[in-house]
Amino acid sequence: MQKFNWADVPASSDEFAQPTPGGYICRIMAVEDCPERNYLKIYYDIVDGEFKDFYTQRKNNAGIEYPIMYRSYTEKARGMFKGFLKALEESNRNFIADKFDGNEQQFRGMFIGLVLAEEEYLNKNNEIRLAIKAVKCCSGPKIRQGDFKIPPLKKLSPDVAAKANDASHVPFSDSSTAFSDELPF
C-alpha cells in the first residue's frame, strides 16, 4: 500500500444521512418495460433539497442501482397509471397525459413528485429491516406545497414477522450460500 501522512487525513464516519419518509422532487433516470407482466420498472433519483442526487452518488460510489418504483398498466390498474401520467403532465412542460403514445422511454429525464415511506422486510438472515420506497406519485408542485400525506410504517404481517424469531427457519436450502452478520472477532 502506498504510504500516506495519516496525520493530515481527517477521519470520517461510515454513517451518512439517508432519505427519510417524505415528499421529494425526483427525476426518472431509466424505464424498463416488462410486457409479460404489464408493468414498467421506473428508476429514479431525488433532484432537489438535502438529498439531491443521493442515489446517483450511491450508484457512482458503491455501484448500487437506482431505486425502482413499479407502475402497472393492466386493465384494472389503468386508472392509477393515468394518475401517474397526470403527475408527469403537471410536473413537465410539453407532456400531455391524454396523448401518451405508449413510448415509455420518453419518461426518461422527466420530473415527478414522489412520496417515500418506510416498510419492513426480512433480510437473508430473517432479520426485520426497514426500506424506504416510493408509495405515491404526484406532481412536483404538490410536493413543494406539502400537499401530500406520508403513510405510516408498513409492518410485516404477523406470520411473516414471526419468521424473524424462528431460528429453525433457514432462508436457503443450501447453507453454503447463506451469509452471516456475525463478526469474526
Side-chain angles (χ1 to χ4, degrees), residues 13-35 37-123 128-157:
S13 169
D14 287 343
E15 294 182 25
F16 55 92
Q18 296 188 46
T20 56
Y24 296 91
I25 307 289
C26 296
R27 180 184 306 265
I28 296 173
M29 306 305 286
V31 181
E32 183 180 332
D33 184 21
C34 300
R37 303 286 307 269
N38 294 310
Y39 66 79
L40 298 179
K41 291 167 78 172
I42 302 171
Y43 300 82
Y44 63 90
D45 195 4
I46 299 167
V47 295
D48 191 33
E50 177 185 1
F51 299 105
K52 182 180 189 302
D53 300 324
F54 177 83
Y55 295 112
T56 296
Q57 291 172 12
R58 186 178 75 165
K59 181 176 171 123
N60 292 342
N61 294 337
I64 299 171
E65 191 53 69
Y66 290 108
I68 301 170
M69 70 173 169
Y70 298 88
R71 288 292 151 234
S72 174
Y73 53 85
T74 62
E75 187 172 342
K76 288 182 179 181
R78 287 191 191 139
M80 292 177 66
F81 194 87
K82 176 72 179 273
F84 164 70
L85 294 174
K86 291 299 284 179
L88 287 173
E89 178 178 341
E90 294 169 7
S91 303
N92 297 277
R93 294 184 187 110
N94 302 320
F95 179 78
I96 300 169
D98 290 342
K99 294 187 177 184
F100 175 57
D101 63 3
N103 177 10
E104 76 281 350
Q105 292 307 310
Q106 69 182 300
F107 300 153
R108 191 169 183 268
M110 287 187 176
F111 297 105
I112 189 145
L114 296 178
V115 176
L116 304 184
E118 289 181 317
E119 68 179 49
E120 292 181 334
Y121 70 95
L122 284 182
N123 70 6
I128 297 174
R129 297 288 188 237
L130 290 179
I132 190 159
K133 298 202 174 187
V135 293
K136 181 171 174 55
C137 297
C138 57
S139 70
K142 282 189 174 193
I143 295 293
R144 288 203 192 282
Q145 296 164 4
D147 186 14
F148 60 88
K149 291 184 180 177
I150 304 167
L153 168 67
K154 181 179 177 183
K155 298 186 80 56
L156 290 171
S157 66

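Each residue takes its place number in the sequence, starting with 1.
- With rounding to the nearest 0.5 Å, the separation of CZ in Phe111 from CD1 in Ile28 is 10.5 Å.
- The CG atom of Asn60 sits 11.5 Å away from atom CZ of Arg58, with the distance rounded to the nearest 0.5 Å.
- Heavy atoms from other residues, nucleotides or ligands lying under 6.0 Å from NZ of Lys142 number 12 at most.
- Contact between Glu89 and Ala97 at its shortest, heavy atoms only, is OE1-N, 3.0 Å.
- Between Phe54 and Tyr24, the ring centre distance reaches or exceeds 6.0 Å.
- Note that the SG atom of Cys137 and the NZ atom of Lys86 stand 14.5 Å from one another [nearest 0.5 Å].
- Residues Met69 and Phe84 are in side-chain contact: their nearest non-hydrogen atoms beyond the backbone lie under 4.5 Å apart.
- One distance of note links NZ of Lys52 with CG of Asp45; it measures 9.0 Å at 0.5 Å rounding.
- Within the 4.5 Å cutoff, no side-chain heavy atoms of Phe148 are placed close to those of Lys136.
- Counting only heavy atoms from C-beta outward, the side chains of Lys41 and Cys34 approach each other to under 4.5 Å.
- Under the 4.5 Å side-chain criterion, counting only non-hydrogen atoms from C-beta, Asp98 is in contact with Lys82.
- Summarising the local packing, CG of Asn94 is surrounded by 12 or fewer heavy atoms from other residues, nucleotides or ligands at distances under 6.0 Å.
- Between Asp33 and Tyr73, some side-chain heavy-atom pair lies under the 4.5 Å cut-off.
- Annotation for Cys138 and Ile112: closest pair O-CG1, 3.7 Å, computed over non-hydrogen atoms.
- The closest side-chain heavy-atom distance from Ile143 to Val115 is below 4.5 Å.
- Nearest heavy-atom pair across Glu90 and Ser139 is OE1-CB, 3.3 Å.
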For Tyr66 and Thr56, what are the C-alpha separation, side-chain angles and deciding distance, and is it a side-chain contact (heavy atoms from CB on, under 4.5 Å)? CA-CA 7 Å; Tyr66 290 108; Thr56 296; 3.0 Å; yes
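- With hydrogens and angles ignored, the 3.5 Å screen pairs a side-chain donor or acceptor of Glu120 with a backbone N or O of Leu156.
- When side chains are defined from C-beta on, Cys26 counts as touching Ile46, because their heavy atoms get closer than 4.5 Å.
- Put simply, the side chain of Asp101 reaches to within 4.5 Å of the side chain of Gln106, judged on heavy atoms.
- Taking the six-membered ring for Trp and the full ring otherwise, the centers of Phe100 and Phe107 sit less than 6.0 Å from each other.
- The minimum heavy-atom distance linking Val135 with Ala117 is given by the pair CG2-CB, 3.8 Å.
- The two residues Leu114 and Ala134 have their closest heavy-atom pair at CD1-CB, 4.1 Å.
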Would you check, one step at a time, whether the test side-chain contact (heavy atoms from CB on, under 4.5 Å) holds for Ile68 with Glu32? CA-CA 10 Å; Ile68 301 170; Glu32 183 180 332; over 6 Å; no
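- Atom-to-atom distance recorded for Lys155:NZ and Ile128:CD1 is 7.0 Å, nearest 0.5 angstrom.
- Thr74 and Tyr39 share no side-chain donor-acceptor pair at under 3.5 Å.
- At least one donor-acceptor pair under 3.5 Å links the side chain of Gln105 to the backbone N or O of Val31.
- Under the rule for a salt bridge (charged side-chain N to carboxylate O under 4.0 Å, His left out), the partners of Glu65 that lie at least two apart in sequence or sit in another chain are Lys59.
- With rounding to the nearest 0.5 Å, the separation of CE in Met29 from OH in Tyr43 is 12.5 Å.
- Partners of Tyr44 under the ring-ring contact (aromatic ring centres under 6.0 Å, His included) rule, at least two apart in sequence or in another chain, do not exist in this structure.
- Of all heavy-atom pairs between Gly140 and Ile25, the closest is O-CD1, 3.3 Å.
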